[in-house]
Q: 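Pasting a structure here, questions to come.
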Amino acid sequence: MIPALPIKEEEVLSRDRATEIAESLDGNHVPDAVKDVPPSLLSAEHIYSFVMSTGLISPFHIGGNKPRLKKASYEGRIGDTAYIFDGRKLKPADFSGRKLQIPANSIVFVESDRFSSSKLCGS
């Protein structure tokens with residue numbers, strides 16, 4: 001369950017805590033925080049539960065005037081580092097023009113940034 005949303009934006013999962021959670025997980029067994037949810041969009045409560053149990057997004061923020069956690073999504077903000085997996089290894093992604101170009105059908109890992117509102121993650 002999501003705690004009461006604070007008026008000011010609040011970091012509820014730090015990078016350090018997310019790292020601890022991720023390192024404690026057995027690579028073959030990741031907790032399924034959404035096992036009771038039928039295939040569909042995840043609600044804010046489901047996103048919150050999954051992030052807090054896996055450390056998937058860090059830092060993770062809730063609340064504030066423009067909350068990042070929406071009814072069925074989370075507004076991620078891209079940090080300064082991103083990598084594209086080419087099938088064999090990770091390669092630094094090109095940030096030319098301060099936009100991240102993501103090739104179709106690719107796997108991309110991005111660092112999240114809590115301060116940069118100019119670089120919004122889109123789909």
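The residues of the chain are indexed from 1 along the displayed sequence. Only heavy atoms go into these numbers, but all of them, side chains included; no hydrogens, no water, no symmetry mates. A quick note: this is a predicted structure, and the numbers were derived from the prediction, not measured.
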Q: For I107, is the CD1 atom crowded, meaning more than 12 foreign heavy atoms sit under 6.0 Å from it?
A: no
Q: If you look at every heavy atom in I47 and A72, which pair is closest and at what distance?
A: CD1-C, 3.8 Å
Q: Testing the basics here: between P67 and K70, what is the closest heavy-atom pair and its distance to 0.1 Å?
A: O-NZ, 2.6 Å
Q: According to side chain to side chain donor-acceptor pair (under 3.5 Å), who are the partners of S43, at least two apart in sequence or on a separate chain?
A: H46
Q: Looking at CG of L42 and CZ of F50, how far apart are the two atoms once the value is rounded to the nearest 0.5 Å?
A: 8.5 Å
Q: Taking only residues two or more places apart in sequence or in another chain, which ones pass side-chain contact (heavy atoms from CB on, under 4.5 Å) with I57?
A: V51, F60, Y74
Q: With sequence neighbours excluded, tell me which residues meet side chain to side chain donor-acceptor pair (under 3.5 Å) with K91.
A: D86
Q: Partners of A82 by side-chain contact (heavy atoms from CB on, under 4.5 Å), sequence neighbours excluded?
A: A93, F95, L100, V110
Q: If the condition is side-chain contact (heavy atoms from CB on, under 4.5 Å), which residues does S14 pass it with, not counting sequence neighbours?
A: E11, D16, R17
Q: If you compare all heavy atoms of M52 against all heavy atoms of L13, which two are closest, and at what distance to 0.1 Å?
A: SD-CB, 4.0 Å
Q: Calculate, to the nearest 0.5 Å, the distance between atoms OH and CD1 belonging to Y48 and I62 respectively.
A: 5.5 Å
Q: Kindly say whether S49 contributes a backbone atom to a donor-acceptor pair with the side chain of S53 at under 3.5 angstrom?
A: yes
